[in-house]
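Working notes, beginning with the structure itself.
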Amino acid sequence: MIQIVEERSEQQQQQQYEIDGVSQRIWEEVANQYRQEIQSLQLQLWQNSVDKMFQKSNGVPKKFLQKLKMMKMGKSNRQCSICCNQFQKDELIIQLPCKHIYHKCCVDSWLQSSTKCPNCRSDVLEALKNQEK
Ligand SMILES: [Zn+2]
Ligand SMILES: [Zn+2]
């Protein structure tokens with residue numbers, strides 16, 4: 001009777017060991033998957049920051065921004081299409097070559113990522129380059 005009990009417990013130990021071996025393999029696989037995912041996430045983040053850098057250089061260069069007509073707003077009930085707020089008297093505004101006007105701060109940040117007028121989509125940078133000729 002005692003012998004049988006011992007045999008059983010030996011068998012159980014062996015089974016236990018096998019299960020541990022299997023679960024260890026699974027954990028290694030899971031860990032490897034996570035490692036790969038983290039690596040691809042890091043790659044994506046890096047790619048995103050590179051994209052952003054290139055987007056910034058897609059805007060209008062500073063030396064051209066300085067050529068834009070800047071003026072103070074008089075009385076008007078027109079509104080800036082970038083921030084959708086009405087122009088207030090004495091606010092600094094910029095007139096693009098296409099004659100559309102915007103707040104200076106609004107157009108400054110807009111033209112950092114785009115060269116086109118938010119209203120009529122005409123190319124501000126091209127127009128400024130043509131003025132130079
Ligand atoms: Zn604005
Ligand atoms: Zn325009």
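Each residue takes its place number in the sequence, starting with 1. Numbering of ligands and ligand atoms starts at 1, following listing order. Just so it is clear, the values below take in all heavy atoms, side chains as well, and ignore hydrogens, waters and symmetry mates.
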Exercise. May I ask you to decide if L111's main-chain N or O and S114's side chain share a donor-acceptor pair within less than 3.5 Å?
Key: no

Quiz item: Within the side chain of W110, is there an N or O that forms a donor-acceptor pair under 3.5 Å with the backbone of T115?
Solution: no

Quiz item: Which single N/O/S atom of H103 lies at minimum distance from the Zn ion (ligand 1)?
Solution: ND1

Quiz prompt | Three-point angle C98:SG, the Zn ion (ligand 2), H100:ND1, rounded to the nearest 10° | solution = 110°

Self-check item: Side-chain donor or acceptor of Q36 paired with backbone N/O of Q33 under 3.5 Å
Solution: no

Quiz item: Nearest heavy-atom pair of Y102 and L96: which atoms, and what distance?
Solution: CE1-CD1, 3.5 Å

Quiz item: Angle subtended at the Zn ion (ligand 1) by SG of C83 and SG of C106, to 10 degrees?
Solution: 110°

